[in-house]
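Worksheet: the structure to be examined is printed underneath.
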Amino acid sequence: MFTYDDRDSLLREVNPVIKLILIVAITVLVSLSFYPVLPLATILVIVLGLIVLGRFRLREIVYQARLFIFICLGFIVLLLVTRGLVGPGEYRLAFFRFEYVDFIYAFSLGLRIMVLALLSLAFVLTTDPNDLVLSMMIQLRLPYVHGYAALAAYRFIPTFNREVQKIQLAQTIRGVQDDRGVVNKLKRPFKLFLPLLATAIRRGERVSMAMESRALGAYPTRTFYRKTSIRKNDLIFLIGTIIVFAVIVVILIKFNLFRLNIGFN
Amino acid sequence: MSQQPHGVQFRDLQFTYSGETLPVFTDLNCSFPKHKLNLLLGPSGCGKSTAMYLLGGIIPHAIEGDIQGSIYLDGEDIAGKRPQELAGRVGFVFQDPESQFCTFTVADEIAFGLENINTPVSQISRRIVDSLAMVGFAGSENLIINNLSGGEKQKIAIAAVLAMEPETIILDEPTANLDPASTDEIFGLLEKLVREQGKTLIVIEHKLDGFLDKVDHIVVMDQNGQARLQGGVDRVLPRLLFDSKFDSLKVFLPEHLLIVRDVYVQHADSAAVRDLRRRKLDAVGGGNLNKYGFDLDFGVKALTTTAAAVGMKQVSVDKDNSRTANPLVVLDGVSFAYQKARVSKLFGGSAEKPVCQDILHDLDLTINEGDFAAILGPNGAGKSTLLNLIFQIETAYRGKISISGKDVKSLSRQKLYQDIGLVFQNPEWQFVTNDVEQELLYSLKKSVLSDRLKSLRVEEMLGSFHLENEKGQSPFLLSQGQKRRLSVAAMLLAGQKILFLDEPTYGQDYQNQLELMELMKSLNQNGVTIVLVTHDMSLVADYAHTVHLLCDGKIRFSGLAEDLFADDDLIKEGRLMRPVTWEFSRRLAENFPGFPQLIGRQKIINAFNETA
C-alpha cells in the first residue's frame, strides 16, 4: 500500500499527533456532510496541501491514489445504476430514472471514500514512522516498550513482502497451484500464512532478545535523543487548517450547500 | 565462595531448558580472561550459544529454564540477572544482522541502548560519534540501516553495543552472513577492540582462517557440553593436533590445520605417526611452537613428515573425469533486459539506469546431467536474473533455454517444475501441510502409485532421513536440521531431476550450511543434478565440480573449479577470493611431485590418503 516518502517538506515537519487530530476532525465533518460539495472541497484542499506544503507533484498523487480513484468512481457509478434501476424520478436516461437526491447520495458517498483514502495517503506519505512512534510515546504517553515493539515490527514490512513472494514461488514449485476444487482454493491463503507466521515469530523472538540485551525496559523511563514536540509551527498548521475549513463551511452555508446529516438516509 | 577477580568464569554451571528433561550441560567449568580475545569452540548443539545467552542474561529471562551454579563477572555472581541489568556490562552481537535492529537510521539505532539506560541526551551524540569511529564507520550517522551491506550492518550492531561501554562483548557467529572481505574487516575490528580499547571479547566463530592468529585464549567444548580444553592458542592448538586424547573432539580450525588433523587421525593406527605426534607434543613443552608457527608452511611440513612416516609413494592422482557429458540444461544465446524502467519513469526525472540495457547478453551455458555445478559471479552480474529465466518468472527476448531437450517456453510452469526444483534458504517456505507425513505424501499427489505404495515410499523416505519419530508432528515444530531434511525428502519424492540452490548459506549458521551441503552431496551421488548459485567460495571449493563464472551478463568461464582459481585475471574480474585450500594444495605440490592442484579440504585429504 502507501509508504513513507522521505522528502524535506513542511508537512513532514508537522507533529504526527497534530496530523492525526486533524484527520479525525476532518473525517467526522466530511462524513456528516449531506451535500457532496464539502467532500469535493476537502479533496481539493488535501491535494493542494500535498502539492504546496508536501512538495509532491499532482501526477505522483494521482499515481499513488489510482486504486482509490478507480474504487470511488466505480462506487458512484454502481450506486447510480442501482438507484436508477429501481427508483422513480424526474430525470431519465435510457431506462434509468433518477431523483435529484440520488445524485447527491451517490456523489457524497463516493467522494467521502476518496477523502478518507487521500487523508491516509497524505498522512503516510509525509510521516516518518519513527516520528510517529516517538510522538505516540512522548506526546500521547504510549509505554515505550510497546512503541519500540511496533517500530521493530514495522521495520520488517519490506522483508515480509519479499518473503511472501519467495513462499509463493516455493509452493508453486511444489504444485500448490495445480490443486483443484473450491476447498483447496480456500486453503491456499492458509498455506501461505503458516510459513509466514512461523518465520515472523522466530524473527520477533530474535529482535526482542537483541532489544532486551540493549536494556529495553530496564527502567520505567528513558531519555530521548531525538524528540518530537508540539511547536509553534504545529499550532499554526492546526489553526490554519481549522480556519480553512471554517471558511469553506461558511461559504457553503451562504450558498445553502451545507447540511449536517445525522443518522441514516 | 572463591574470589574471582578477572574476567568471566563459569563455575559448576548447569542449565535445563524449560520443558526439557535433559540438561544442556552439567558442571560447565571454564574461564575467559579479561582484556583478551577469547574464542569459544565446539560442535553444534554442545551448548556454546546457551552458555553465552546465560552470560548475557537472555537466559533465563527471554528464554526460560532452570539454572544452577555460578557465572562470575569480575568476581560477582551474575547468574540469573536480567539482560537489562547487565546491559552496561555485557554486550551481545547476534549472528543475523537483519534482526537485531529496531530503528531506521544509524544514529537512532546507536542511541537506542543509551536512551534505555537514561544516558543524558547531551552525552549521546558524543558516544554515537565515538563508537562509529571505533568501528571505522565515522560519519554514517544519518544513513538508513536497510540500505547498508551485511558487513556494514554488523559494524553498526557492534557500534550500538560499544556505545553502551560494556567491558565484555559476546559475539555469536558475527560473520556467518558476510562475504570474505567483510569477514576480514570484522576480524580486524575485533582485534582492535581488544588491543586498543581493552575490551574482553568472547567470540563463537567457525571461520578461523585469518582469525585464529588474532585469538588469545581458546575454550573447547565437547558434544556433552563439557569444557575439555582451555588456554592460550599455543597450549590448545598443539593438543588438538598432536594429542590423540583429543582426536574425538569435533572442532573447526583453519582449513590447512583441519587437513593435517584429519590425516593424523586417519593414520592413528600407524606407530610411526603416533610417535611423530608424541615428539611434536613434547616439543611444545619446550616452547618450540608458538601461535604464529601454525601457518601454511607448518601444514606442508607436517604432511611431508607424515608422508615419510607412513611411507608414501610418488603421487599420481587423476582428475575426476567420470561425469557424463549429457547436456541437461542448455541456454543458447540468451539475452534479457527489463523492457522499461517501471515506476522511476512514471515519477519522471531520476531514471538512473538507461532503459533496455541488457542484463544478460548472448549468454551460453550448459549444465550436464549428474553434475554438481556452481554459478559464481559478483553482485549484479545477473545471477538472480539467470535463475528467474530458467524458472520462467521472466522471459528472455532472444535465445533459447531448454531442459532435457525441451524448450521451456513450450512447457507450462507446472510441467517445468516437475523437473526442476529450487532449494530455498529457509526450508519452511515450501511446507504446505501441517503434518510431516502429509508433507511427503503431497509430493506424490500426481503419482500413479496406489495409496498403499505411496505410504510405503513415504515410510521409506522417513526412515532414510531419520524422521520416523516425527511422523505426526507439524513440520514447523521440527528442529532446523529436521526441517531441512524433510524439505529435501519432499523434493526427492517429487522426483525433480535438477535442484537449484540460490545463495543457500545466507542467513544460516555454519552447522545448517554444512548439513544442507552434505544432503546435496548425497543427492548428487544418487544422480540428481545440483546447481549452486552463490558467491561463497568455500562452498564452491568443497562441493562444486564444474564452475561457471558470470560477469557482466555473460559466462566468462566454464570448467573445473581448480582451473578457475588458477587464473589471476578471472579471479580479478569475477571479484573472487582464492580458497585457502588452493594455496595449500599448490605448496603441497612443491613438496610432492605430481600432487594435483586441488581445492576443498576433503579432496586434498582424499588425494593424500590414496597415495599413502
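By convention in this document, chain letters (A, B, ...) are assigned in the order of the sequence lines, proteins followed by strands, and residues within each chain are numbered from 1. Reckoned from all heavy atoms, side chains included, excluding hydrogens, waters and symmetry mates.
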Is there a side-chain contact (heavy atoms from CB on, under 4.5 Å) between A:Tyr225 and B:Thr119 once you walk through the steps?
CA-CA 9 Å; A:Tyr225 163 67; B:Thr119 311; over 6 Å; no
Give, for atom [atom1] of [X] and atom [atom2] of [Y], the distance between the pair rounded to the nearest 0.5 Å.
X: A:Arg214; Y: B:Phe101; atom1: CZ; atom2: CZ; result: 7.5 Å
X: B:Ile393; Y: A:Gln165; atom1: CD1; atom2: CD; result: 9.5 Å
X: A:Thr199; Y: B:Trp429; atom1: OG1; atom2: CH2; result: 7.0 Å
X: B:Phe104; Y: A:Leu151; atom1: CZ; atom2: CG; result: 5.0 Å
X: A:Ile167; Y: B:Gln430; atom1: CD1; atom2: CD; result: 11.5 Å
X: B:Glu428; Y: A:Arg202; atom1: CD; atom2: CZ; result: 4.0 Å

In terms of heavy-atom pairs under 4.5 Å with chain A, which of [options] leads?
options: B:Ala87, B:Ala62, B:Ser99; answer: B:Ser99
options: B:Phe92, B:Phe431, B:Phe476; answer: B:Phe476
options: B:Leu477, B:Leu422, B:Val121, B:Asp108; answer: B:Asp108
options: B:Pro83, B:Gly57, B:Ala157; answer: B:Pro83
options: B:Ile124, B:Thr103, B:Val93; answer: B:Thr103

What part of [X] gets within 4.5 angstrom of chain A, counting heavy atoms only: side chain, backbone, both, or neither?
X: B:Glu439; result: both
X: B:Asp419; result: neither
X: B:Lys483; result: side chain
X: B:Ser122; result: neither

Between A:Arg174, A:Gln171, A:Lys166, A:Glu212, which shows the greatest number of heavy-atom pairs under 4.5 Å with chain B?
A:Arg174
Chain A neighbours within residues 111-118 of chain B, where any heavy atom lies under 4.5 Å away:
B:Ala111, B:Phe112, B:Gly113, B:Leu114, B:Glu115, B:Asn116, B:Ile117, B:Asn118
Is any side-chain heavy atom of [X] less than 4.5 Å from a side-chain heavy atom of [Y]?
X: A:Arg206; Y: B:Gln100; result: no
X: A:Ile173; Y: B:Gln496; result: yes
X: B:Asn426; Y: A:Glu163; result: no
X: B:Asp96; Y: A:Arg203; result: no

Would one find more than 12 heavy atoms of other residues, nucleotides or ligands at under 6.0 Å from atom [atom1] of [X]?
X: B:Lys445; atom1: NZ; value: yes
X: B:Glu64; atom1: CD; value: no
X: A:Arg141; atom1: CZ; value: no

Begin from the C-alpha positions of A:Glu205 and B:Ile63 and carry the test side-chain contact (heavy atoms from CB on, under 4.5 Å) through to its verdict.
CA-CA 9 Å; A:Glu205 278 173 356; B:Ile63 305 170; over 6 Å; no
Indicate the atoms forming the closest heavy-atom contact of A:Ala215 with B:Met164, along with that distance.
CB-CE, 4.0 Å
What verdict does the side-chain contact (heavy atoms from CB on, under 4.5 Å) test give for A:Leu169 and B:Tyr417, after you've listed the backbone C-alpha separation in whole Å, the side-chain angles of each residue and the deciding distance to 0.1 Å?
CA-CA 10 Å; A:Leu169 177 61; B:Tyr417 297 158; 4.0 Å; yes
Sort A:Thr159 into side chain, backbone, both or neither according to what part of it lies under 4.5 angstrom from a heavy atom of chain B.
neither
Residue A:Ser213 versus chain B: region with a heavy atom under 4.5 Å
both
A:Thr223 side chain to B:Pro120 main-chain N or O, any donor-acceptor pair under 3.5 Å?
no
Donor-acceptor pairs under 3.5 angstrom involving side-chain atoms of residues 189-198 of chain A: please list them, not counting sequence neighbours.
none

Taking only residues two or more places apart in sequence or in another chain, which ones pass side-chain contact (heavy atoms from CB on, under 4.5 Å) with B:Ala159?
B:Ile110, B:Ser131, B:Leu132, B:Val135
Interface residues of residues 45-53 of chain A facing chain B - non-hydrogen atoms under 4.5 Å apart
none
